[in-house]
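Taking it in order: structure first as structure tokens, then the write-up.
Below, chains carry the letters A, B, ... as their sequence lines are ordered, and counting in each starts from 1.
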Amino acid sequence: MIRSEILREIAPIIRDHLVVCNIGLPSQELHMIDDQPTNFYMLGTMGLSSSIGFGLALAQDKPVISIDGDGSVLTNLGTLPTIANNATGNYTLLIIDNGSYGSTGDQPTYAGRKTSLAAVARACGCDNVFEVQAKDLGPVLQEAIDNNEMTILVCKCDSGNIKVPVITMDPVVIRHRFMEAVAK
Amino acid sequence: MNIHRKIADDLVANDVSFVTTVPCKQLAGVIDEIEQRDDIFHIPANKEDEGMGLCAGAFMGGKRPAIIMQNTAIGVTINTLATLTQFYRMPLPMIISYRGELREPVACQVEMAVHTKALLAQMNIPTYHFHWQKDVEEFDNILKYTFMCNKPVAILTDANFWGGYGEQ
Ligand SMILES: [Mg+2]
């Protein structure tokens, strides 16, 4: 399975929750598959999906899911100790690990070679870290959202992209719409 | 006047309840003060762009955030300031230790100090410079201004303001 197929499969699970989605193709795909006011699309700032989602989870009580990528987590590895040491039960970090920088032409990342992001997350002090295959993600993600423990999911999948349009929504509109959904 | 307490008091009075920090020797006192406050959630960050991401999330979650960092971080956070904080129009008071200014003992700090105001000006970031302790009196108004205009705003605080690097 590739990332867009995963997003299609989990769309019904995450639809009613606050989602912070990674820059580039992940946001474009989620926007195309199931645009929701509860989605915050990153249009820039590679690496900060986990940080933005975690700040949001700390600031209010609703469940928050950050959809991140292996390349993006590698660019902001400092996020994992921060998350581990300030754990909040309403937060789920979903790392879609296709072993490549998908949005830039599928150049390989180190996560697709010797580096295990699940092992890194555990070493950083994260408690509930699960590496799952793409086909098994749905129920594991549902459980992570439903239970009251912070969970890090590393979802191993194939690299590959589909054709998607860019997001033309104004960033202030994305942010305003999202903040109204947060406050609802 | 205890400037650490004054800064924390003004943050609380302006409903700033989420503060992320990356330390600097000059900032040790104010970070201690913030850590002690019950009405401020303090979350240390490992890098300043990570901290700005946390602040963006906290803001969208209904909290007023602030970041405390060194001016060297301007070199780290230009992209985040442009594509997250400014692009999505989010407020962010940045209390910045302005290293490399008068009373600085470490020569390398001057190398970023000479770029600091130019970079902030290039980014169209409103910038205030606290050099004397009495300058802290403006802090309350700067916070109000920041949350009025929904922009990142820089407050540069030099060694003279803090009472001299290592001379405290
Ligand atoms: Mg990837």
- prompt: Judged by atom type as modelled, is there a donor-acceptor pair below 3.5 Å linking the side chain of B/T157 to the main-chain atoms of B/I96?
  reply: yes
statement: Ranked by heavy-atom pairs below 4.5 Å to chain B, first place among A/G44, A/G78, A/G47 goes to A/G78
message: Taking every non-hydrogen pair under 4.5 Å, which of B/P65, B/G61, B/A82 racks up the most with chain A?
response: B/G61
message: Let's test your reading of the structure: which of B/S17, B/G51, B/A58, B/A45 forms the most heavy-atom pairs below 4.5 Å with chain A?
response: B/A58
- line: Most contact-rich option vs chain B, by heavy-atom pairs under 4.5 angstrom, among A/N76, A/L43, A/V172, is A/L43
query: Hey, which of B/Y128, B/F130, B/Y98 is the one that makes ring pair (Phe, Tyr, Trp, His ring centres under 6.0 Å) with B/F161?
result: B/F130
- request: Please look at B/F41 and chain A and tell me whether the side chain, the backbone, both or neither of the residue comes under 4.5 angstrom of a heavy atom of that chain.
  value: side chain
message: Check this for me: does any side-chain nitrogen of one of A/R177 and A/D35 sit under 4.0 Å from a carboxylate oxygen of the other?
response: yes
field: Sole candidate of A/I95, A/N128, A/L117, A/D127 that passes side-chain contact (heavy atoms from CB on, under 4.5 Å) when paired with A/I152
entry: A/I95
query: What part of B/F18 lies closer than 4.5 angstrom to a heavy atom of chain A: side chain, backbone, both or neither?
result: side chain
- prompt: Can the ring centres of A/H31 and A/Y41 be said to be less than 6.0 Å apart?
  reply: yes
